[in-house]
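What follows is a set of notes on a single structure, which appears directly below.
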Amino acid sequence: MKKTKLITLCGMMSALSVVIMLVGGYLEVGMYAAPMISGLLLMPVGDRYGKKYHIAMWAVVGVISFILIPYVEQNLMFLLLFGLYPVIYSFFGKMPRGLRMITKFIYFNITFIGIEALVMFVLVPEVVSLWMTIVFLVLGNITFLLYDLIVPRVIFLFKRYLGNLMK
C-alpha cells in the first residue's frame with residue numbers, strides 16, 4: 001500500500017507541475033515563473049522519498065512539457081535550470097559556503113546564457129541590443145538568487161506542515 005501511495009503522489013505532483021507549465025505557456029505570462037513553480041512543486045516528494053523519485057518526476061514533467069507546450073524556451077528553462085536545480089540542490093550544499101554561491105551562479109549563468117543563445121540565435125533569430133541582454137542577465141541573476149533562497153524554505157515548510165500527510 002505504501003508504494004501505491006507514493007506512486008500516486010508522484011503522479012499527482014507531476015501532473016500539477018505540467019498543468020502549471022501549460023497555464024504559464026498558454027497565458028504567456030509564465031515563461032520563467034512557471035518553470036520555477038513547477039520545480040518547487042517537485043521538491044517535497046523528492047526530499048521525502050529520495051533522488052530517484054525526484055529525477056523521475058523531473059524527467060516526466062520535462063518530456064510531457066516538450067510534447068504539450070510549444071514554447072521551447074519555457075521548456076528548456078524547466079528542463080535545464082529551474083526544474084533541475086532542486087534535484088542538484090543537495091550537491092551544492094556539500095561545498096563550503098563561499099564556493100557554493102560562486103558555483104551556483106556559474107551554473108546559472110552558463111545554463112541561462114546557453115538557453116537564451118540557443119533561443120535567440122537558432123530557434124527564433126531576433127535582433128536584441130547588447131544593453132538589453134545585459135539587463136536581462138542581471139535580472140535573471142537576481143531572480144535566481146531569490147529562487148535559491150526559496151528552495152530551503154519550501155523544504156522546511158513542507159516538513160513542518162505537510163510531512164504528516166505523506167507518511
Side-chain angles (χ1 to χ4, degrees), residues 1-95 100-101 103-116 118-119 123 140 143-167:
M1 183 65 173
K2 191 173 186 177
K3 201 69 145 170
T4 305
K5 196 176 187 182
L6 172 62
I7 292 171
T8 304
L9 181 65
C10 289
M12 289 187 329
M13 294 305 278
S14 297
L16 184 59
S17 293
V18 171
V19 168
I20 297 283
M21 292 285 286
L22 276 166
V23 169
Y26 287 116
L27 293 180
E28 296 183 13
V29 294
M31 189 64 66
Y32 304 104
M36 288 177 163
I37 295 168
S38 294
L40 289 175
L41 284 175
L42 302 180
M43 283 190 61
V45 176
D47 182 61
R48 172 93 174 160
Y49 295 109
K51 290 286 181 207
K52 71 178 184 178
Y53 292 104
H54 199 169
I55 292 170
M57 290 187 309
W58 164 75
V60 165
V61 172
V63 169
I64 293 174
S65 294
F66 267 101
I67 292 170
L68 296 177
I69 302 167
Y71 301 104
V72 177
E73 183 178 10
Q74 178 182 344
N75 296 331
L76 288 173
M77 283 292 175
F78 175 80
L79 199 59
L80 300 176
L81 195 59
F82 297 116
L84 182 61
Y85 183 70
V87 174
I88 62 173
Y89 181 78
S90 62
F91 169 74
F92 290 117
K94 297 174 185 172
M95 297 179 183
R100 180 183 330 152
M101 289 309 292
T103 308
K104 286 178 182 180
F105 278 105
I106 289 171
Y107 162 74
F108 171 77
N109 284 305
I110 288 173
T111 308
F112 190 78
I113 290 170
I115 291 170
E116 291 303 325
L118 178 69
V119 169
L123 301 174
T143 303
F144 180 72
L145 177 64
L146 295 174
Y147 188 68
D148 184 53
L149 293 173
I150 289 173
V151 168
R153 284 163 177 78
V154 168
I155 293 171
F156 171 76
L157 290 173
F158 166 72
K159 286 180 180 177
R160 184 164 184 190
Y161 296 110
L162 299 176
N164 292 332
L165 294 175
M166 295 175 58
K167 287 185 179 180

Least distance between heavy atoms, Phe78 atom then Gly39 atom: CE1-N, 3.8 Å
Parallel, tilted or perpendicular: ring planes of Tyr107 versus Phe92, cut at 30 and 60 degrees: tilted
Point-to-point distance, once rounded to the nearest 0.5 Å, from NZ of Lys5 to SG of Cys10: 13.0 Å
For Trp58 against Val87, the heavy-atom pair lying closest together: CB-CG2, 4.2 Å
4.5 Å side-chain heavy-atom contact, Asn75 and Met21: yes
CG on Asp148 to OG1 on Thr143, rounded to 0.5 Å: 12.5 Å
Under 3.5 Å donor-acceptor, Tyr147 side chain and Phe82 backbone: yes
Side chain to side chain, Leu145 and Phe108, heavy atoms closer than 4.5 Å: no
Minimum heavy-atom distance between Pro86 and Met43, given as atom pair plus value: CB-CG, 3.3 Å
Atom pair CG/CE of Leu81 and Met36 - distance to nearest 0.5 Å: 7.5 Å
Atom of Ile115, atom of Leu76 and distance for their closest heavy-atom approach: CD1-O, 3.5 Å
Any Val151 side-chain heavy atom under 4.5 Å of Leu40 side chain: yes
Phe144 ring center within less than 6.0 Å of Phe112 ring center: no
Tyr26 OH to Gln74 CD distance, which is reported to the nearest 0.5 Å: 10.0 Å
Leu9 side chain reached by Arg48 side chain, heavy atoms, under 4.5 Å: no
Minimum heavy-atom distance between Ala34 and Gly24, given as atom pair plus value: CB-CA, 4.0 Å
Check: Met101 and Met95 side chains under 4.5 Å, non-hydrogen atoms: no
Non-hydrogen atoms of Ser14 and Val61 that approach each other most closely: O-CG2, 3.6 Å
CD1 on Ile110 to CG on Leu80, rounded to 0.5 Å: 13.0 Å
Other residues, nucleotides, ligands: >12 heavy atoms within 6.0 Å of Phe91 CZ: no
Contact check, side chains of Phe66 and Leu79, non-hydrogen atoms, under 4.5 Å: yes
Single hit among Val60, Leu41, Ile64 for side chain to side chain contact (heavy atoms under 4.5 Å, CB included) with Val18: Ile64
Rounded distance (nearest 0.5 Å) linking atom CD1 of Ile55 with atom CG of Leu42: 12.0 Å
